[in-house]
Trainee: 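Handing you this structure, nothing more for now.
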Amino acid sequence: MTGKNIVGIVFSNAYDECVSELTGIRTMGSVPFACRYRLIDFALSNMVNSGIEKVGVLTKSNYQSLMDHVGTGKPWDLSRKNDGLFILPPFSTNETGGNRDKLASLKGSMGFISRSDEEYVLLTDCNTVINLDIEALMDYHTEKNADMTIVYKNGKMPNLTDVIVLDLDEDNKAEKVSISPVTDGDVNFSLNVILMKKALLERLINEAISLNYKDFESDIIQRNIDNLKVYGYEAKGYSAVIESLQSYFNVNMELLNPENCDDLFNRERPVYTKVRDDMPAIYGLGSKVKNSLIADGCIIEGTVENSILFRGVRVEKGAVVKNSIVMQDVFVAQNATLNCVVADKSVVITPNKTLSGAKNYPVYIGKEIVI
Amino acid sequence: MARKQECIAMLLAGGQGSRLGILTKNIAKPAVPYGGKYRIIDFPLSNCVNSGISTVGVLTQYQPLELNDYIGNGQAWDLDRANGGVHILSPYQQIKGTEWYKGTANAIYQNINFIDRYDPEYVVILSGDHIYKMDYNKMLEYHKEKGAACTIAMLEVSWEEASRFGLMILNDDNSIREFEEKPKNPRSNKASMGVYVFTWSKLRQYLIDDENDPNSSNDFGKNVIPKMHADGEKMFAYLFDGYWKDVGTIDSLWEANLDLLNPKVDLDLSDTSWRIYAKTPASPPHYISEKAKVQNSMISEGSRVYGDVDYSILFNDVTIEEGAEVKYSIIMPGTVIKKGAVVQYAMVAENAVIEEGAIVGLSPEDCSNRDDWGVAVVGAGVTVHEGTAVAPKSQVSEDVVKEAK
């Protein structure tokens, strides 16, 4: 497998500030997603499914929940005698502020990177939801004889800072790189999955350090576009970028379309996560469930429509949950109603309460809040 | 040398379970799927871990491949330990020749060396045939308190059923006065659950004596326990009250599954203080479509439901297409029930396909002669073709095709 020659780097905190509601107590990587996953599961599973055996997870802040989740890496088969999973805590805290100085965290992890024997390195963020065949990406990279390959998607640019947008020639070689340009049309925007030789990354970072550069996107990618053969690799099938609470809501809801769900949870390349040993979901007499994704451990006696229920959610008799994302162990008591709500872990909705947001403005209820 | 353990468990998992018919054609009985995501063996293994017993020998013999594969290094039950943990014990070659496990007692006898490595005071003997949640540690405390050589877990069953069990007649102090094996006219309703605690030094000697007895069939129930009793060893019954079900037959396995849907039945798998662990497949959440109707059922991850599901249990990665009806049935992993098919009062094993319009099983009310009624069983990987039917009480292990006219 090609993956053996690649070391994976996951930025667990990238874009934390964009979904500040959910990342107040966690990293982007440990944001719960799709009933039973955390966002980092996609990055880790993509890597191990292509044979990558060494993954460094870069952290910056609030990473307790992340460490809780990934543990020793066992669910991804990354608990190894040789290689496996490495959590890389922030190396130095006196770097410049801001939420996502990728370059600074890479600098801090140079030791890990340079000690790796693998020839290639794959960088990835956690706010992209995709099931990516990295072996195919590697073949493409080799075939194009590229220095760097960036996975992109064609469509409307995510509303984020520092988005790499590629102008490609007919061979898919990047001619120009712009960073979060102002545009309404469809563009080729980066999903921030980037493959290159490890030696190249080391060289680029060392150069950046010596010149006191600060920014990964502009100083490493954009500045070198004429010196390097940078290629775009189009992500086919379902993928999505989480850029706000609204888009978090929308992306979860998009999975209610079985085609998207099949694409993302490709049976050939399963997505692994930490297991919780819940019993299967129980549907009581009189329950009404429609168009919903339900995890193990739920007990449903009320009505659930167009919703995403995480593990261990209770919906009591007469309770109604519509168009909502309900995270693990939430309790919706008798005759309570939720509509367009994102309820974080262990929220309790007491009887007869009604909470309603709008599809374009879901209401967020913080972890463990009792209403 | 392994570190000393006060108590270890030996789990007898070698039985064929022939009364489960085609469900145990290629797998040992303890590996039979149960309850939407479990296998029978998850119950004794989880009970061990939850009771603080972290060394478990699993004795396998019949069709061990899938069972061995399932148990693996025991990680799913937190039994991948540096000291102890789960060990698969298969019959092995010895200097005097190779022997299969001749009986339950012989199976333990052949593994005396394994047990001695941990130098335990007590050994718990379990089987992989029952669904129950039990704290073996409480039973062990009782055993110690009584200073017994052997303690047998017992359950009060209804008098009508009593003749199906091995029964015990007790003295006032719960010591055992007499055994009765499946009597016609029971004098007791106290049935043995097949869970034993032995003081190892005692049991060890009895196993050696039993092995040297050419007339013995080397069975716990038939030989070792009656012998201990005859010799006047201190033997006590430990009363268990809770859900316990032998799932040795098609009907009882089907019933035990549906018991999970009955709120009156005392078997709560959502209790986080006594979790039942299982190996979890990497399947996405299950999906219930716009048109699906699901009532009183249990559904596991990876399944897709577009049709009607009533009073049934769906394992992981099952597909129920639009217009298909599933009632009072157990559908095991990976099976597809196609459009318009009807599956009722049935168990469908893994990766089977019920084609469009096929009919499996029948409700007892629709059966003209009640004696003809029974749970229909479709074997693993079987395709039941369009327009065919699987009769109640029948078992099919080959594809069902329309007869040529």
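Quick note on labels: first sequence line is chain A, next is B, and so on, each numbered from 1.
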Trainee: Between A:Asn257 and chain B, with a heavy-atom cut-off of 4.5 Å, which part of the residue counts as in contact: side chain, backbone, both or neither?
Mentor: neither
Trainee: Within the distance-only criterion (no hydrogens, no angle test), does the side chain of B:Lys37 pair as donor or acceptor with the backbone N or O of A:Asp277 below 3.5 angstrom?
Mentor: no
Trainee: Would you mind checking which part of A:Leu256 comes under 4.5 Å of any heavy atom in chain B, side chain (CB onward), backbone (N, CA, C, O), both or neither?
Mentor: both
Trainee: At a 4.5 Å cut-off on heavy atoms, which part of A:Tyr37 comes close to chain B: side chain, backbone, both, or neither?
Mentor: side chain
Trainee: State whether the number of non-hydrogen atoms from other residues, nucleotides or ligands found under 6.0 Å of A:Gln64 atom CD is greater than 12.
Mentor: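 No - once you tally the heavy atoms of other residues, nucleotides and ligands closer than 6.0 Å, there are 12 at most.
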Trainee: B:Ser303 versus chain A, heavy atoms under 4.5 Å apart: side chain, backbone, both or neither?
Mentor: neither
Trainee: For A:Asn291 and B:Glu290, work out which heavy atoms get closest and say how close.
Mentor: CB-OE1, 3.5 Å
Trainee: Does B:Lys293, at its NZ atom, have more than 12 non-hydrogen atoms belonging to other residues, nucleotides or ligands within less than 6.0 Å?
Mentor: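 No.
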Trainee: Where does B:Tyr38 contact chain A at under 4.5 Å (heavy atoms): side chain, backbone, both or neither?
Mentor: side chain
Trainee: Tell me, side chain or backbone of B:Pro263 under 4.5 Å from chain A's heavy atoms, or both, or neither?
Mentor: neither
Trainee: Just give me the residue among B:Gly302, B:Ser283, B:Ala76, B:Pro281 that pairs up with chain A most often, heavy atom to heavy atom, under 4.5 Å.
Mentor: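 Ranked by contacts with chain A, first place is B:Ser283.
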Trainee: Could you tell me whether A:Lys317 atom NZ has more than 12 heavy atoms of other residues or ligands within 6.0 Å of it?
Mentor: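 Buried by this count: over 12 neighbours within 6.0 Å.
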Trainee: Could you have a look at A:Ala295, A:Cys261, A:Gly284 and say which one has the most heavy-atom pairs with chain B under 4.5 angstrom?
Mentor: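 Among A:Ala295, A:Cys261, A:Gly284, the one with the most close pairs to chain B is A:Gly284.
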Trainee: Given heavy-atom pairs under 4.5 angstrom as the criterion, report whether the side chain, backbone, both or neither of A:Pro258 touches chain B.
Mentor: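 Both backbone and side chain.
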Trainee: So which residue, A:Arg311, A:Lys290, A:Met279, A:Lys288, ends up with the most heavy-atom pairs under 4.5 Å with chain B?
Mentor: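 Of A:Arg311, A:Lys290, A:Met279, A:Lys288, A:Met279 has the most heavy-atom pairs under 4.5 Å with chain B.
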Trainee: May I ask you to name which of B:Ile299, B:Val294, B:Leu269, B:Leu261 has the most heavy-atom pairs under 4.5 Å with chain A?
Mentor: B:Ile299
Trainee: With a 4.5 angstrom heavy-atom cut-off, could you sort out which part of A:Val275 is near chain B: side chain, backbone, both or neither?
Mentor: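 Only the side chain of A:Val275 comes within 4.5 Å of chain B.
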Trainee: Under a 4.5 Å cutoff for heavy-atom pairs, which residue among A:Gly312, A:Pro75, A:Gly286, A:Pro270 has the most contacts with chain B?
Mentor: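 Heavy-atom pairs under 4.5 Å are most numerous for A:Gly286.
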Trainee: Using a 4.5 angstrom heavy-atom cutoff, name the option from B:Asn316, B:Asp317, B:Ile276 with the most pairs to chain A.
Mentor: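 Greatest number of close heavy-atom pairs with chain A: B:Asp317.
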Trainee: Could you go through A:Ile294 and B:Tyr287, starting from their C-alpha distance and side-chain angles, then the distance that decides it, and tell me whether this counts as side chain to side chain contact (heavy atoms under 4.5 Å, CB included)?
Mentor: CA-CA 6 Å; A:Ile294 316 275; B:Tyr287 177 70; over 6 Å; no
Trainee: Where do A:Arg36 and B:Pro284 come nearest, in terms of heavy atoms and distance?
Mentor: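 Where A:Arg36 meets B:Pro284 most closely, the heavy atoms are CD-C, 4.1 Å.
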Trainee: Look at B:Pro285, B:Ser270, B:Ala282 and state which one has the largest set of heavy-atom pairs under 4.5 Å with chain A.
Mentor: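 If we count pairs closer than 4.5 Å to chain A, B:Pro285 comes out on top.
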